[in-house]
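Please read the structure below before turning to the comments.
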Amino acid sequence: MSPEGRAGFLAGVKEVSPQFVGTVPFGLVTGVASVASGLSPWEAIGLSLLVFSGVAQLAVVQLLAVNAPATVILLATAVISLRLIMYSASIAPHFAHLPRPTRWLLSWHLTDQAFAMTSAYAAGATASQRAHLHYYYWGGAIPMFGVWHCTVAAGALVGSQIPASWSLDFAITLSFIVLIRPAVRSRADCLAAIVAAVITLLAIGLPYRLAIVVATFAGVAVAFYYDQSQAEARS
Amino acid sequence: MTDTSVRFWLLAITCGAIVYLFRASFLAGSDPSRFPNWFQQALRYVPAAVTAALVVPGLVLLPGSPSVDFFQPRCAAGVLAFVVAWRTRSLLATMLVGMVALKLIEWAMR
């Protein structure tokens, strides 16, 4: 590794560390909630390794617990993961010069944190730092990978010992509640959230939590048209 | 392996494939400039909409049943947790307040 690569990697390690204050409890909750919804600890760990996305893992276990059909679970996973397409599109220009197999590997580690950290770092980076950006990315991604799966595993193993009367499944709802604030960055986001919540309530009678999918599209559509009308009013 | 176990692993693998394809979509795949602008713009609102939609059923549905009840412990505990989450942005504080509030309200309503 060149000195610049080393420096980038270490900067990634240093900047990902404070993220673990959020990742460790979220991983534990995901592990606990997975077994609380009826998975064995091994299934919980396997799901984590295959999906590597807390929100998607929580949605899958929640839907499995209400016996949703596979197509509904896949549809919900896709809707929840749409933001990853946005991350992928936004981060792609930074790594376009790398060979394709490297980019396949980078893709696997594209988490909320990897996206946020790399975008912020690239914005303030020198030309040399930008050329070594993938070292920075790995410096953040490798510890994140280890910490995430270890905490999910710990949560799953501990969680299987906790009695059902503790209502630990409520932890899933609580972990989604925490994600609302960082997702609401503008008035249009706020509108998207409110519309989605109201439509979920109205459509809650739909089978297998399909209300979540319908409500997400409704929220996005209303926010999109709101933003368009604002832009027209300005021009 | 039992049938449900085979079904679970097939589902887990397919979910993993979907999430991976989304991650790789532009990073290892197509050029973002070839996609329409409105598509990328609409994607920006997904996180806010989807998190709000995910929260609601956990607050208003009675556990293990399809009926809505606003006057149940989970709804009140969730609203309290939401206030804490909005002000502190801390998962730990939200978990603690939410779980303790749920237990207290359940106990008080008994």
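Worth saying up front: this structure is predicted, and the values here are computed from it rather than measured. Proteins come first, then strands; the chains are lettered A, B, ... in the order of their sequence lines, and each starts at number 1.
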Without swapping roles, check the side chain of [X] against the backbone of [Y] for a donor-acceptor pair under 3.5 Å.
{"X": "A:R100", "Y": "B:A28", "answer": "yes"}
{"X": "A:T77", "Y": "B:C15", "answer": "no"}
{"X": "A:R103", "Y": "B:L27", "answer": "yes"}
{"X": "A:R181", "Y": "B:W86", "answer": "yes"}

Give, as side chain, backbone, both or neither, the part of [X] having an atom under 4.5 angstrom from any heavy atom of chain A.
{"X": "B:V60", "value": "side chain"}
{"X": "B:L92", "value": "side chain"}
{"X": "B:I13", "value": "both"}
{"X": "B:L21", "value": "neither"}
{"X": "B:F8", "value": "side chain"}

Any A:M86 side-chain heavy atom under 4.5 Å of B:V46 side chain
no
Does some side-chain heavy atom of A:I80 sit less than 4.5 Å from a side-chain heavy atom of B:V19?
no
Looking at A:D189 and B:R44, is any side-chain nitrogen of the basic one under 4.0 Å from a carboxylate oxygen of the acidic one?
no
Heavy-atom pairs under 4.5 Å with chain A are the metric here; pick the option from B:P57, B:A17, B:A81 that has the most.
B:P57
Checked B:A53, B:A52, B:A12, B:A24 vs chain A; the most non-hydrogen pairs under 4.5 Å come from B:A53
Sort [X] into side chain, backbone, both or neither according to what part of it lies under 4.5 angstrom from a heavy atom of chain B.
{"X": "A:V222", "result": "neither"}
{"X": "A:V24", "result": "neither"}
{"X": "A:L49", "result": "neither"}
{"X": "A:Y87", "result": "neither"}

How long is the gap from CZ on B:F22 to CD1 on A:I85, to the nearest 0.5 Å?
4.5 Å
With side-chain contact (heavy atoms from CB on, under 4.5 Å) as the test, would you mind laying out the steps for B:Y20 and A:W104 before giving the verdict?
CA-CA 9 Å; B:Y20 179 74; A:W104 285 335; 3.5 Å; yes
When only pairs under 4.5 Å are counted, which of A:V198, A:L191, A:L201, A:L179 shares the most heavy-atom pairs with chain B?
A:L201
Is there a side-chain contact (heavy atoms from CB on, under 4.5 Å) between A:T111 and B:R23? Walk through the geometry before answering.
CA-CA 9 Å; A:T111 56; B:R23 286 184 162 130; 4.1 Å; yes
Where is the tightest heavy-atom contact between B:A49 and A:T216, given as atom of each residue plus distance?
CB-O, 3.8 Å
